[in-house]
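Note sheet for the following structure.
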Amino acid sequence: MDYNFSEIEPKWQAEWQRQGTYKVEVNHSKPKYYVLDMFPYPSGAGLHVGHPLGYIASDIYTRYKRLTGFNVLHPMGFDAFGLPAEQYAIQTGQHPAKTTEENIRRYREQLDKLGFSYDWSRCVETCDPRYYKWTQWAFLKMFESYYDIEKDQARPISELVARLERGEVAGVSAEKWAAMNEWQRSDYLMNYRLAYRADTMVNWCEALGTVLANDEVKDGLSERGGHPVEQKRMKQWLLRVSAYAERLLAGLDTLQWSESLKEIQRNWIGKSVGAQMFFDIVGSQRKLEIFTTRPDTIYGVTFMVLAPEQCEPHGHFRSLCTPDNVAAIDKYLADTKKRSERERMTETRRVSGVFTGSHAVNPFTGEQIPIYISDYVLAGYGTGAIMAVPAHDDRDKAFAEHFNLPIISVVEGKDQAAIDGILSEIEQRGIGSRKVNYRLRDAIFSRQRYWGEPIPVYYKDDIAYPLPLEELPLELPAVDDFSPTRTGEPPLARVKNWQTKDGYPLETSTMPGFAGSSAYYLRYMDPHNDHALVGKEADEYWRDVDLYIGGIEHATGHLIYSRFWDKFLFDLGVVVDQEPFKKLVNQGMIQGRSNFVYRDKASGRFISYGLIKDYDTQEIHVDVNIVKNDILDTEAFRAWRPEFANAEFVLESGKYICGWAVEKMSKSMYNVVNPDQIVADYGADTLRMYEMFLGPLEQSKPWDTNGIDGVHKFLRRFWNLFENITEETPTPAELKTLHKTIKKIREDIENFSLNTSVAAFMICLNELGQCNKRAILEPLTILLAPFAPHITEEVWSRMGHATTVFDAEMPEFNPDYLVEDNFDYPVSVNGKLRFKKTLPLAIDATEIEKAVLADENAQKWLEGRAPKKVIIVPGKIVNIVI
RNA sequence: GCCCGGAUGGCGGAAUUGGUAGACGCGUUGGUCUCAAACACCAAUGACUGAAAGGUUGUGCCGGUUCGAUCCCGGCUCCGGGUACCA
């Protein structure tokens, strides 16, 4: 009987579904394990061969954990809100809900064909009101919370109000609070709420008609679509992520993430420790506040610099601009504004600036130093003003050289003791204090778009009020036009009755993409709970994600927001763990491998790759699906496109060889490989094992089907062993092979070294030869089951088992089978002569030395040269030094 | 610029982290089967040299430590990723 994967695979997929093989429930008699994939955005293009890489790895791990006795939660869902569906809707008028639903169905079909062990009864879709009810709920909780610095956690805003009423908040007396009207109070509390509305500089994308978060902007262009992004002042909802900066940073140390990923997050949080200092201003009562990490260089300060925004007509330091300089300053401000946008695109920098006309006083030297304005100082970081030390900072130096300002060298290298000394003095003299600054900004939380969660807030006299929790979910209303209104308002402004029951207008912007993905891992634990995001029992059992697999591209977005969200829920007492993702593995990207044909410009014939140097040819992308091992299927090529119907070829060795290159996987390069095609040709088990065999999981690599036959051949050989299974007793050599393989596979899975484990299976079969003994094949089947679930399930049932192979137990490694009587010692004589000597393992070093020196080979070599010493690494090597 | 990571045959990649470099797979060559091709199976396969045994050389480049270095140290080159007037 042949290995008929196209019959076996659908049969078992249906059977697993019928039996609910992968359904999991809370089970206190077993240890839990939670394996999570980053859920996909269901795009219209469907899955390509790169998507499943991480899913296959996590599925192998899930099945392995289950076989070793864990109760494994392994869910899947869809990140269904997002821009592409909406862009498509604007173009075609098709409702995003409809296209999203279709895409999800297609994704689900494709995923099912690969034999994943997801518990689909726990599937969540972020655009489902039953799901986004809890996204909105968390938002309202954030709105009703503030960050208590002393307790170092989020607390209800009502506690802050109570403290204000008692006059316990610095700067606001009880009387002052009592005297405030509703509008003023709302305005004041907005400075504290964890979800707040503020007038801020935002990344505005004209083409997309919406604002974007910092992590959605790359090199001044939108991440989706690559449209230009500009800075604009707008009123927006934000999340006070910055309040959690220190906890987000400290928490990293407790996680089993790759160092590079942790480093990306550390840089993004960007903690810097230094001092906040106040400089007197000549002829003014005001002080100039700066932040520096190097207070020890204070004696080298020769000028001050302000960010341009500080000196705009309504800016903080406009008053420092003296009348004779105002004209020059305004010209400079106008120039920088224009320039900054252009420069973001070209990345060129040049020194520029203008003198304010005012001077500050160096508190340590008493010297008067000029105050400049320059665009190299950023308004958004620190205090938007710096003390310039040209001798010890490259940017300050460039500026000083350009404007002929003095450069005074004062310190050599960074000396923490000196810094601490100066800091103490600064604090003593009351001119500043120790201060920590973070680069991490609050996350902008409104998008001027339709296809997202409505923000559950309404307005009364321009004051924002939360919708009562009982009224959640606030469902996204139907519209038939998805573009912004004529006045530039979001699509929800078109909705006739977009208001509360009492007629107050609702917020018209929606939540960003990261909202729905921030707590989805919690919802999987208890997906049908109508009373809570996650119930106590479910949360206390499943706790956190033990293993999270996904792409590195979420390092500064989802993985920051999600950790923030989790910490907030922890403060609320809703979840028991402070970190959501204990261990995280980033799978590499699968790139496309394009193929080319070469058309001779003179004759129009197609020249095989090895011969093109003799012709003047034009390189043309050819569909990789009609090329195998770089050999073109010439008939398929003629059928591919009408203009090639009569193509003629110049072959080498009877074949047309194509050229190739690694490029991004994309339709236009004809290098997209669809997993469905591979599954049809080779089966899901082959695809699963081949994707793992391709190389280390974390590494990016081009998709290349050149080696897939080797893996398929392995499965066929495995299948054939079961043809005439016998009950014979295995030989010691066979048992040794089996246990060597058990050891290797178990270690490799634990280390995610899945490429070498596939190799280990192949070595195992090579060594076993035609061995068809049940005592060997049965444990081998269980071992292979995580990798190739269908074929193993089939042979398992043919071996007479009534239950699924995944209810079996993973075979244990027994070291006794690996003990050998003799061992090959490689012997090297001073690096020249090398030979192998078989010696008993259990003999002591001097005996080994004697035996080696007595060896014929060694004696011949050593003739006339006395050995100085013999180095023996037990069980490994003998080295004779002459 | 700064911070991470990497470089091994014709190709993808192994190497118990200081102990026989190149596992496993692909490709290539030769063979068996076949009228033939495909499939399958067997064998060889880093390079140079040699009829062979063997010899020489070999993990991006230069140098060092060591009996011994893909691995450790110093200095480069190139490639990938993150980040960027962050004071």
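Lettering of chains follows the sequences in order, A, B, ..., and the numbering in each one begins at 1. All of these numbers come straight from a predicted model, not from anything done at the bench. Just so you know, these numbers use all the heavy atoms, side chains as well, and skip hydrogens, waters and symmetry mates.
The aromatic ring centres of F813(A) and Y817(A) sit 6.0 Å or more apart.
Across the P atoms, A87(B) and A7(B) are found 32 Å apart, a figure rounded to whole Å.
For K287(A), the salt bridge (Lys or Arg N to Asp or Glu O under 4.0 Å) criterion is met by D280(A), not counting sequence neighbours. Remark: H316(A) pairs with R286(A), Q310(A) by the side chain to side chain contact (heavy atoms under 4.5 Å, CB included) rule, at least two apart or across chains. Listed by chain and residue number, I626(A), D633(A) satisfy the side chain to side chain contact (heavy atoms under 4.5 Å, CB included) test with A636(A) (two or more places apart in sequence, or in another chain). In this structure V377(A) satisfies the side chain to side chain contact (heavy atoms under 4.5 Å, CB included) test together with V305(A), A307(A), I386(A), sequence neighbours excluded. Scored by the side chain to side chain contact (heavy atoms under 4.5 Å, CB included) test, V624(A) finds N595(A), N671(A), V673(A) as partners (sequence neighbours excluded).
A cation-pi contact, defined as under 6.0 Å to the ring centre and within 45° of the axis, links R563(A) to W257(A).
No engagement by N437(A) is indicated, since no non-hydrogen atom pair under 4.0 Å with the nucleic acid exists. Among the heavy atoms of the strands lying under 4.0 Å from R441(A) is at least one base atom, whether or not backbone atoms are also near. Residue-level contact check: D396(A) touches neither bases nor backbone, having no heavy atom under 4.0 Å from any strand. Within 4.0 Å of L378(A), counting heavy atoms only, lies at least one base atom of the nucleic acid. Across all strands shown, S374(A) has no heavy atoms under 4.0 Å from either base or sugar-phosphate atoms. V377(A) comes within 4.0 angstrom of a base, heavy atoms only. Using a 4.0 Å heavy-atom distance criterion, P702(A) is classed as making no nucleic acid contact.
Taking atom CG on N751(A) and atom C1' on A14(B), their separation rounds to 15 Å, with Å as the unit. For Y690(A) and C26(B), the OH to C1' distance is 8 Å, given to the nearest whole Å. One can place CE of M692(A) at 14 Å from P of G13(B), the figure rounded to the nearest angstrom. As a whole-Å value, the separation of N267(A) CG from G5(B) P is 13 Å. A40(B) atom C1' lies 18 Å from atom CH2 of W719(A), rounded to whole Å. As a whole-Å value, the separation of I763(A) CD1 from G22(B) C1' is 13 Å. Summarising the geometry, the separation between CE on M589(A) and P on G82(B) is reported as 8 Å, rounded to the nearest angstrom. In this structure, the OH atom of Y682(A) is 13 Å from the C1' atom of C39(B), given to the nearest Å.
Along RNA chain B, the nucleotide closest to Q699(A) and the one closest to D394(A) are compared, and the more 5′ of them pairs with D394(A). Between I708(A) and N755(A), the one whose closest nucleotide on RNA chain B sits nearer the 5' end is N755(A).
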For RNA chain B, what string of dots and brackets results from 5' to 3' when Watson-Crick and G-U pairs need both distances under 3.5 Å, crossing pairs get [ ], and pairs with another strand get |? (((((((..(((......[....)))((((((.......))))))((((....))))..(((((..]....))))))))))))....
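The side chain of T756(A) lies closest to A15(B) when the candidates are C26(B), C86(B), A15(B).
Two residues are said to be in side-chain contact when any heavy atoms from C-beta on lie closer than 4.5 Å; M304(A) and Y372(A) fail this criterion.
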